[in-house]
4 protein chains.
Amino acid sequence: MEYSEKKVQIMEAAEQLFAEKSFDGTPVRDIADKAGVNLAMISYYFGSKEKLLEALFNYRAETGILKMESMLLDKSQTSLQKVNALIDFYIDKFQNQTCFHKIMSREQLHNQRNEIAVLIQQFKKRNQELVKQLILEGQKKGEFKKNIDIPLMMATLIGTVSHLVTTQHFYKEINNLQSLSDDEFKIHIKKKLSHHLKFLFKAILTHEA
Amino acid sequence: MEYSEKKVQIMEAAEQLFAEKSFDGTPVRDIADKAGVNLAMISYYFGSKEKLLEALFNYRAETGILKMESMLLDKSQTSLQKVNALIDFYIDKFQNQTCFHKIMSREQLHNQRNEIAVLIQQFKKRNQELVKQLILEGQKKGEFKKNIDIPLMMATLIGTVSHLVTTQHFYKEINNLQSLSDDEFKIHIKKKLSHHLKFLFKAILTHEA
Amino acid sequence: MEYSEKKVQIMEAAEQLFAEKSFDGTPVRDIADKAGVNLAMISYYFGSKEKLLEALFNYRAETGILKMESMLLDKSQTSLQKVNALIDFYIDKFQNQTCFHKIMSREQLHNQRNEIAVLIQQFKKRNQELVKQLILEGQKKGEFKKNIDIPLMMATLIGTVSHLVTTQHFYKEINNLQSLSDDEFKIHIKKKLSHHLKFLFKAILTHEA
Amino acid sequence: MEYSEKKVQIMEAAEQLFAEKSFDGTPVRDIADKAGVNLAMISYYFGSKEKLLEALFNYRAETGILKMESMLLDKSQTSLQKVNALIDFYIDKFQNQTCFHKIMSREQLHNQRNEIAVLIQQFKKRNQELVKQLILEGQKKGEFKKNIDIPLMMATLIGTVSHLVTTQHFYKEINNLQSLSDDEFKIHIKKKLSHHLKFLFKAILTHEA
DNA sequence: AATGAATGAGAATTCATTCAT
DNA sequence: TATGAATGAATTCTCATTCAT
């Protein structure tokens, strides 16, 4: 599948609406309106609403993995530096693609759309495999402890970032940060979160603490 | 609102279906069928599908807070012990009310149903307030460090537990634990998760570690 | 399935429209309008347009076979008399349920709707079996010849009646019978057709001619 | 209208699909796909889907009549021989152009597409006229009886052949002829049918028998 | 209090046709 | 002449809700 301009328009409109109002809560008509295309184009291009969601997943997934791979292959850095880079990478990913990650989080909550579930499963497996290599490398070099439960560790990474990003309006309110602009707030959260997670990961992974 | 037997039947049927297939993905007819009641009963009792969801939230929220309060008021325990109890409390809550927490997680991802959003907001505020008291108490007693970002810490607690519980089928597969029964697996996860989070919280909160 | 008044209304409206404009050529909306019911009632009652067609087939088939059975069991008549009665029975059936038989003829022309094809197959098998008994009986009694190809004979019976009834407007024109009222014409055709087929069947079945 | 290669491709694809799934049940897109031409070509060449059906009728009708005329003009044969030739002609026509005859049978069942109805009417009139000449000729020569109802007779000819050919899968099953190849079965039917109809027509037309 | 029947609004999708090139 | 893209209308079906009883 190649991504013509129209297709991308549609996928991006769908992404925003699915994030806001959920897949089932979004009429195809609204996607068409938002994308500024004819209603029938969506079936014409993607076949169905569900296939559109699949296309969106493939579209977004394509780029993600590559970035991560190149990052982890960098030989000039220690394993801990790479882990720290990984943390920042995840924070950026969630902050810059909030819509997509909301959709993905929601899809992980049920098994309704099997094609999507399979895509996510594959996606997660590949990610986890890369992280595993990184941890093993650190362990070989003696930087990291033995016996690290990677899925548990990833749950903390992804869970913390995801939860904070998706409930950031609440965080804003509770910490009286309503005066900050969206960008300022984003930077604020990024900094806090980065420091917090790097601290936790150092505790999880290294002998010192 | 009192909870007649029929009402509870309906809410529990709705809870399961909303968890599996989302609010918008669940027809009222299916709820009626699952609950074994007449379709019209649901509008009749709750007014609308959305009001039913609100009722469910109130029903589930009522109990949660009380347990937590009594737990945190126990004077015979150190602050760290209370934090550890809090961790186990959250794990239990998510594991035993997976359906409800899936719904709540999903609702936090969007702002569709405002009434619900407000309920969740209040709910989280009260919880956070209780936790704040606990942390302050620990800080006063010198058990805990200063400058603890409570929302960040809670994001790690809730995020990690939530992510792991809602994607546990993935965890099962990645760790080759398919042979375990559901109950065995639950216990397995609970133990791992409890240890992991207690370790992290010790690092976050205390001077040692 | 019981046949409530509304259901029968819908089935009869559908029958006329399907006969006139074919199944695929008839919008459900038109059926609803003709039956004087709400559009959604059709899905509500029958599940789908196709299920409605199935229901119609079952509704019409139920009665047909019974009549035929009782007719063929009559012991007071010779086999040839029964064959003659059978001929008149078929003529009546096609003349009085023209709509239904148009639909059935059309469905036999393709294998689109499998459920229907199966129903027709069963229907024809039962009919043919009854006719076979009748012929065998006549052969035993020495009234009829040996070596009668029953499907071929039935093709002539059904084919002739069906073709004439479904193209009767053409017959009317070609024979300059436009002045006859519908009822007069019906009687005219019935008489001609009956005589014609009885003559043919006598030739097919008996030794004399 | 001349028949370019592309046009014939399209008409033949349409013929097969209309036979299988009916006019209304066949999307223009499917015809284009089957014919291996661009979707827009069909409107471009024929104007509309309905005009395509008309074109197909004209295309098929052109040849039929001519053959029949030449056959009936043969002076070297008795009238009964010509009638027998006519019977075989019809059997061949239905067997070799099953698709087209299915479509025509279906179109005769309703009055939806008026242009087509008129074409069929004309077609049948010309055919009947030719047959009438043949019968009159036989009557003049004293070969045939007086008072022959030609439309009735034609109904038996066309009805029997048409019914048997369009329901031959049923005939196959009922007579346990599933082992025969399509070609063997075709020959088998042709022989049986030919003999059957010639016998019937002899009875209808001649004094003996 | 409880329910079977009914309904209007809106859902996704398909369709034949047209248009710009 | 030929076509890929586009579209408006219409299709079937589902939905939450209401009404008469």
Side-chain angles (χ1 to χ4, degrees), chain A residues 4-7 9-10 14 23-32 35-53, chain B residues 4-7 10 14 23-32 36-53, chain C residues 2 4-7 9-10 14 23-32 35-53, chain D residues 4 6-7 10 14 23-32 36-53:
Chain A
S4 73
E5 206 185 338
K6 275 267 164 78
K7 272 191 181 173
Q9 269 173 54
I10 294 169
F23 179 83
D24 288 305
T26 304
V28 181
R29 184 175 298 275
D30 289 4
I31 301 171
V37 302
N38 182 283
L39 171 62
M41 285 265 47
I42 288 170
S43 298
Y44 178 70
Y45 266 141
F46 297 95
S48 70
K49 190 185 174 187
E50 194 156 337
K51 292 261 182 66
L52 163 59
L53 181 60
Chain B
S4 73
E5 204 186 339
K6 282 245 166 114
K7 274 191 179 173
I10 293 169
F23 180 82
D24 289 305
T26 303
V28 181
R29 185 176 294 275
D30 288 5
I31 301 170
V37 303
N38 183 281
L39 171 63
M41 288 256 44
I42 289 171
S43 298
Y44 180 69
Y45 266 146
F46 297 93
S48 72
K49 190 185 175 186
E50 195 157 333
K51 291 263 182 63
L52 163 59
L53 181 61
Chain C
E2 341 89 60
S4 72
E5 206 185 338
K6 275 267 163 78
K7 271 190 181 174
Q9 269 174 53
I10 294 169
F23 180 83
D24 288 305
T26 304
V28 180
R29 183 176 299 277
D30 289 5
I31 301 171
V37 301
N38 182 283
L39 172 62
M41 285 265 47
I42 288 171
S43 299
Y44 178 70
Y45 267 141
F46 297 95
S48 71
K49 190 184 172 186
E50 195 156 335
K51 291 261 183 64
L52 162 59
L53 181 59
Chain D
S4 73
K6 281 248 166 108
K7 273 192 180 174
I10 293 169
F23 179 83
D24 289 304
T26 303
V28 181
R29 186 176 294 275
D30 289 5
I31 301 171
V37 303
N38 183 281
L39 171 63
M41 287 256 43
I42 288 171
S43 298
Y44 181 68
Y45 265 146
F46 296 93
S48 73
K49 189 185 175 185
E50 196 156 334
K51 292 262 182 63
L52 162 59
L53 181 61

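Labels below follow one simple rule: chain letters A, B, ... track the order of the sequence lines, proteins then strands, and each chain is numbered from 1.
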Visitor: Which heavy atom of A:Lys51 sits nearest a heavy atom of A:Phe46, and at what distance?
Guide: CB-O, 2.9 Å

Visitor: Provide, to the nearest angstrom, the distance between the CD1 atom belonging to D:Ile31 and the P atom belonging to E:dC15.
Guide: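 Computing the D:Ile31:CD1 to E:dC15:P distance gives 11 Å.
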
Visitor: Specify the separation, in whole Å, of atom CZ of C:Phe46 and atom P of E:dA6.
Guide: 12 Å

Visitor: Does A:Lys6 have a side-chain nitrogen or oxygen under 4.0 Å from the phosphate oxygens OP1 or OP2 of F:dA6?
Guide: yes

Visitor: How many Å lie between CD1 on A:Ile10 and P on F:dA5, as a whole number?
Guide: 12 Å

Visitor: Can you tell me the distance, in whole Å, between the NZ atom of A:Lys51 and the C1' atom of E:dA12?
Guide: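 Interatomic distance, NZ of A:Lys51 to C1' of E:dA12: 13 Å.
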
Visitor: Can you measure from CD (D:Glu50) to CG (D:Leu53) and round to the nearest 0.5 angstrom?
Guide: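 Answer rounded to 0.5 Å: 7.0 Å.
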
Visitor: Mapping A:Asp30 and B:Met41 to their closest nucleotides on DNA chain E, which lands nearer the 5' end?
Guide: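 Whichever sits nearer the 5' end wins; that is B:Met41.
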
Visitor: What is the distance from atom NZ of D:Lys49 to atom OG of D:Ser43, rounded to the nearest 0.5 Å?
Guide: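 Those atoms lie 11.0 Å apart.
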
Visitor: Would you mind reading off the distance between A:Glu5 atom CD and F:dG4 atom C1', rounded to a whole angstrom?
Guide: 16 Å

Visitor: Which atoms form the tightest heavy-atom contact between C:Ala32 and C:Leu39, and what is the distance?
Guide: CB-CA, 3.6 Å

Visitor: Using a cut-off of 4.0 Å between protein heavy atoms and nucleotide atoms, how would you tag nucleotides 15-21 of chain F 5' to 3' with B, S and -?
Guide: SSBB---

Visitor: What integer distance in Å separates B:Ile42:CD1 from E:dA1:P?
Guide: 17 Å

Visitor: Just wondering, do C:Ile31 and C:Leu52 contact through their side chains at under 4.5 Å, heavy atoms?
Guide: yes

Visitor: Report the residues that fulfil side chain to side chain contact (heavy atoms under 4.5 Å, CB included) with C:Ala40, sequence neighbours left out, ordered by chain and then residue number.
Guide: C:Asn38

Visitor: How long is the line joining CG of D:Asn38 and P of E:dA16, in whole Å?
Guide: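 That distance rounds to 15 Å.
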
Visitor: When Watson-Crick pairs (N1 to N3 and N6-O4 or O6-N4) and G-U wobble pairs (N1-O2 and O6-N3) count only below 3.5 Å on both distances, what is the dot-bracket string of DNA chain E, with | for other-strand pairs?
Guide: .||||||||||||||||||||

